[in-house]
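Below: the structure, in structure tokens.
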Amino acid sequence: QVQLVESGGGLVQPGGSLRLACAASGNIFSVNDMAWYRQAPGKQRELVASITSGGSTNYADSVKGRFTISRDNAKNTEYLQMNSLKPEDTAVYYCNAYLMTTRRINIRAWGQGTQVTVSS
């Protein structure tokens, strides 16, 4: 089995910062692309940022220049540094990973989600 466990969400004032982390564990042979998604109340889940195993990144226009995605391949962990947070960043943030299990099966895994609330 494979698990993605997120941490780092919480309540922050506008203009503040948070850092999310997502650790993959279990029967993992390799981790390929990783990403962060978010879903605000009443809205569809949207891609926030993604990163390949080689470190190439992609960002939603709404977070460019404010958020930074990174990863530590040795720890099978990805991070999302969020700066200059705005109330519209409030959402449940989900980590996502494409990975190969030790049985050489390709799967897409999701974390359980972590709440980020930006409010004064």
Side-chain angles (χ1 to χ4, degrees):
Q1 290 185 350
V2 173
Q3 276 190 316
L4 299 184
V5 178
E6 298 135 341
S7 60
L11 173 64
V12 64
Q13 292 186 341
S17 298
L18 281 176
R19 189 190 194 209
L20 305 182
C22 173
S25 63
N27 300 325
I28 297 171
F29 176 76
S30 64
V31 181
N32 301 313
D33 293 357
M34 303 185 82
W36 288 95
Y37 287 75
R38 67 185 180 187
Q39 188 167 19
K43 295 188 177 181
Q44 289 189 333
R45 190 173 297 190
E46 63 174 355
L47 176 65
V48 175
S50 63
I51 185 167
T52 67
S53 57
S56 296
T57 59
N58 182 59
Y59 296 93
D61 288 343
S62 59
V63 306
K64 282 182 180 177
R66 300 188 298 122
F67 290 11
T68 302
I69 188 171
S70 61
R71 62 190 287 171
D72 183 334
N73 290 332
K75 296 181 179 179
N76 288 337
T77 299
E78 65 168 339
Y79 305 94
L80 186 67
Q81 178 66 43
M82 305 184 292
N83 298 329
S84 302
L85 282 160
K86 304 175 181 180
E88 50 264 43
D89 294 317
T90 295
V92 178
Y93 284 70
Y94 297 90
C95 68
N96 170 264
Y98 288 90
L99 52 87
M100 180 178 286
T101 69
T102 52
R103 294 187 176 186
R104 302 302 190 267
I105 298 171
N106 290 311
I107 65 171
R108 186 182 188 188
W110 290 91
Q112 79 283 359
T114 186
Q115 178 70 46
V116 171
T117 302
V118 185
S119 175
S120 55

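What you are looking at is a predicted structure, and each value in this text was computed from that prediction instead of being measured.
Environment of CD in Gln3: sparse, with no more than 12 heavy atoms of neighbouring residues, nucleotides or ligands closer than 6.0 Å.
Evaluation of the disulfide bond (SG atoms under 2.5 Å apart) test over residues 13-120, restricted to residues two or more places apart or in two chains, returns Cys22-Cys95. Within the structure, salt bridge (charged side-chain N to carboxylate O under 4.0 Å, His left out) contacts touching residues 67-79 (residues at least two apart or in different chains) do not occur. Listed by first then second residue, pairs satisfying ring pair (Phe, Tyr, Trp, His ring centres under 6.0 Å) with a partner in residues 98-120 read Tyr37-Trp110, not counting sequence neighbours. Pairs of residues two or more places apart, or lying in two chains, never qualify as salt bridge (charged side-chain N to carboxylate O under 4.0 Å, His left out) while including a residue from residues 9-25. Here salt bridge (charged side-chain N to carboxylate O under 4.0 Å, His left out) pairs that include residues 40-61, with residues two or more places apart or in two chains, are Arg38-Glu46, Asp61-Lys64. Residue pairs meeting the disulfide bond (SG atoms under 2.5 Å apart) criterion with at least one member in residues 33-79: none, sequence neighbours excluded. Listed by first and then second residue, the salt bridge (charged side-chain N to carboxylate O under 4.0 Å, His left out) pairs that reach into residues 92-120 come to none, sequence neighbours excluded. Residue pairs that meet the disulfide bond (SG atoms under 2.5 Å apart) test with at least one member in residues 59-93, sequence neighbours left out, do not exist here.
Members clustered with Ile105: Val2, Val12, Leu18, Leu20, Ile28, Val31, Met34, Trp36, Val48, Ile51, Tyr59, Val63, Phe67, Ile69, Leu80, Met82, Leu85, Tyr93, Leu99, Ile107, Val116, Val118, by chain and number, using a 4.5 Å side-chain heavy-atom cutoff among hydrophobic residues. Met100 belongs to a hydrophobic cluster whose remaining members, ordered by chain and number, are Phe29; membership requires side-chain heavy atoms of ILVMFWY residues under 4.5 Å apart, directly or through intermediates.
Thr102 pairs by the side chain to side chain donor-acceptor pair (under 3.5 Å) definition with nothing, not counting sequence neighbours. By the salt bridge (Lys or Arg N to Asp or Glu O under 4.0 Å) test, Arg66 pairs with Asp89, sequence neighbours left out.
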